[in-house]
There are 2 protein chains.
Amino acid sequence: MTDRLSDVHESGMTERAVRTQGDILEVATAEFAANGYAGARVDEIAARTRTTKRMIYYYFGSKEGLYLAVLERVYAQIRSVERGIRIDELSPDEALRTLAEATYDHHTTHEAFIQLVSIENIHRAEHLRQSETILRENVTAITLLEEVIARGVAERIFRDDVDAVDVHMIISAYACFHVANRHTFSAIFDRDMLDPALQDRHRRLIGDMVIATMTDRRVR
Amino acid sequence: MTDRLSDVHESGMTERAVRTQGDILEVATAEFAANGYAGARVDEIAARTRTTKRMIYYYFGSKEGLYLAVLERVYAQIRSVERGIRIDELSPDEALRTLAEATYDHHTTHEAFIQLVSIENIHRAEHLRQSETILRENVTAITLLEEVIARGVAERIFRDDVDAVDVHMIISAYACFHVANRHTFSAIFDRDMLDPALQDRHRRLIGDMVIATMTDRRVR
DNA sequence: ACGAATGTGTACTAACTAGTACGTTCGAAC
DNA sequence: GTTCGAACGTACTAGTTAGTACACATTCGT
């Protein structure tokens, strides 16, 4: 149901049509991320595009259809980043740090993704749940983590009562927060979250945190 | 500027007026948290109140004024929770765990607060920045943390290159994520974030995490 | 008791916004 | 070069929504 419209157009689409759709998606991503679902204006998206509002409805059917397409696109992007991570030859703790830092890097460089996830959560993931693609494919990160944790536990350097989803949550929480709550955090604690030196320190800190947690002697 | 309207009414307000305003704020909190700023409907808030839309504008001036009042109220609530935490007699690591768990408990039981913070961040904290009260008073958590960290560092059990704001970020990130990203996380990883057993485990995990990070031998 | 301020309800409006009716152009196949 | 469908543009509408004009009630100090 989700992809019906775009599927129809995927075959027999001219070069120009592909560009137009991409153009719309690009602008729509920024608009939805910046203003929320209800706050986003279809007219505003159309105005910032080479094309017109008519085309948005032609290709995406409705505001909701457009939003869904935007959501699927940003999730597809993070998926492709995750697939590119190679950790086979690293020790469990180095692998953990690599995964944590990769997530941190992705999130800090893809603010729109984080904002869209926030927005989606405000709406109780009702749109995301409609997308079989996202639900089916977005567990890559977990597969990688499971393998690393299994190795770490086998080598008796990791605790065994924290699973892959927990670790993913720890990493995601930290990386998401840094971007998602940037503005309130900056305002209240008067700390520039975009300062490169600070970001560097926080990048190291997320690795420290995950490794320290998983290798903690106290809890075993 | 922010508080002008409510200040005017604070003196010489009837009992009934106080109740009406409280009623409006209660309903508005839920409506804004559930639908975002743009998605929230003033008519809907009015309908769910004992009173009418007229009164919302009478007391709060505008939709934005109402939203701001809502924001200040939820921030005042967390502030009062923070003021109630007693950690003077605890060891630094126990104190850290207590603070982390208190934050976790507050956030899991105040979903509206977390949602409003998310919403505020979508709008780049432009409303929050207008509220001197929030900016002035909401650093209580940091004061507590600073004291604990200073003690831990002095006792040579904590690392000294992570400051109070960093630790607050780690704790907040974890506690926020658990609530804020509950829906997308549940949907994708098919894990019920409201399961009491899981919440219990996660409550212990946040303490483990903070203590492990701060007492990590590797980094010193 | 009375006037003045505060508190309340109803009915309205002006502006906005998602979505559409209808017509046109472009490009490829025959 | 004609036909057919995909791609596109303009001008519009129906419904919604923040905000208000106006009338009325309640309370309280004097």
Side-chain angles (χ1 to χ4, degrees), chain A residues 4-28 30-32 34-71 119 123 126-127, chain B residues 4-28 30-32 34-71 119 123 126-127:
Chain A
R4 208 192 299 150
L5 265 167
S6 36
D7 281 350
V8 166
H9 295 289
E10 251 160 50
S11 53
M13 230 175 16
T14 53
E15 188 61 33
R16 190 175 159 79
V18 179
R19 271 225 342 270
T20 305
Q21 285 182 46
D23 192 14
I24 293 171
L25 283 174
E26 196 96 6
V27 176
E31 174 76 6
F32 280 118
N35 303 306
Y37 178 73
R41 297 286 164 246
V42 178
D43 281 302
E44 184 59 31
I45 296 170
R48 283 213 276 261
T49 308
R50 257 188 305 91
T51 185
T52 62
K53 184 162 64 155
R54 177 70 187 78
M55 294 317 294
I56 293 174
Y57 285 93
Y58 181 65
Y59 285 124
F60 303 100
S62 63
K63 183 181 181 177
E64 194 176 348
L66 176 59
Y67 175 76
L68 230 82
V70 163
L71 208 59
I119 291 163
H123 298 97
E126 58 188 41
H127 304 103
Chain B
R4 210 190 299 149
L5 266 168
S6 37
D7 281 350
V8 166
H9 294 287
E10 251 160 49
S11 52
M13 229 172 23
T14 48
E15 189 61 30
R16 190 174 160 82
V18 178
R19 273 222 344 266
T20 304
Q21 285 183 46
D23 192 15
I24 293 172
L25 283 173
E26 196 96 3
V27 175
E31 173 77 6
F32 279 118
N35 304 305
Y37 179 74
R41 299 286 164 248
V42 178
D43 280 302
E44 184 59 30
I45 295 170
R48 284 214 276 261
T49 307
R50 258 188 307 92
T51 185
T52 61
K53 184 161 66 154
R54 178 69 187 75
M55 294 316 296
I56 294 174
Y57 285 94
Y58 180 66
Y59 285 125
F60 303 100
S62 63
K63 183 181 182 178
E64 194 177 348
L66 176 59
Y67 174 77
L68 229 84
V70 163
L71 208 60
I119 291 163
H123 298 98
E126 60 189 37
H127 304 103

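Proteins get letters first, then strands, A, B, ... in listed order; numbering begins at 1 in each.
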Between B:Lys63 and B:Tyr37, is NZ or CZ placed under 6.0 angstrom from the six-membered ring centre and within 45° of the ring axis?
-> yes

With the side chain counted from C-beta on, respond yes when A:Met55 and A:Gln21 share a heavy-atom pair under 4.5 Å apart, and no when they do not.
-> no

Below 3.5 Å is the cut-off: list the nitrogen or oxygen pairs between protein and nucleotides 26-29 of chain C, distance only.
none

Set of residues satisfying side-chain contact (heavy atoms from CB on, under 4.5 Å) with respect to A:Glu26, sequence neighbours excluded | A:Arg73

Mind checking side-chain contact (heavy atoms from CB on, under 4.5 Å) for A:Ala69 and listing every partner two or more places apart, or none if nothing turns up?
-> A:Leu25, A:Phe60

Starting at CD of A:Gln21 and ending at C1' of D:dC8, how long is that distance when rounded to a whole Å?
-> 13 Å

Sugar-phosphate or base contact per nucleotide [nucleotides 18-26 of chain D; S, B, -; heavy atom under 4.0 Å] = BBBBB----

Which heavy-atom pair separates A:Thr49 from A:Ile24 by the least distance, and what is that distance?
-> CG2-CG1, 3.9 Å

Please report, rounded to the nearest Å, how far the P atom of C:dG7 is from the CG atom of B:Asp23.
-> 15 Å

Side-chain N or O of A:Thr20 less than 4.0 angstrom from OP1 or OP2 on D:dC8?
-> yes

Does a side-chain N or O from A:Thr51 land closer than 4.0 Å to OP1 or OP2 of D:dA7, or not?
-> no

Protein-nucleotide distance (B:Tyr59, atom OH; C:dG9, atom C1'), rounded to Å | 13 Å

Would you say a side-chain N or O of A:Tyr58 is under 4.0 Å from OP1 or OP2 of C:dT20?
-> no

For A:Ala46, check side-chain contact (heavy atoms from CB on, under 4.5 Å) against everything at least two apart and list the hits.
-> A:Lys53, A:Ile56

Heavy atoms, side chains only, cut-off 4.5 Å: are A:Leu66 and A:Tyr57 in contact?
-> no

How close or far is atom C1' of D:dA7 from atom CZ of A:Arg19, stated in whole angstroms?
-> 13 Å

Residue set satisfying side-chain contact (heavy atoms from CB on, under 4.5 Å) with A:Glu126, at least two apart, ordered chain then number -> A:His123

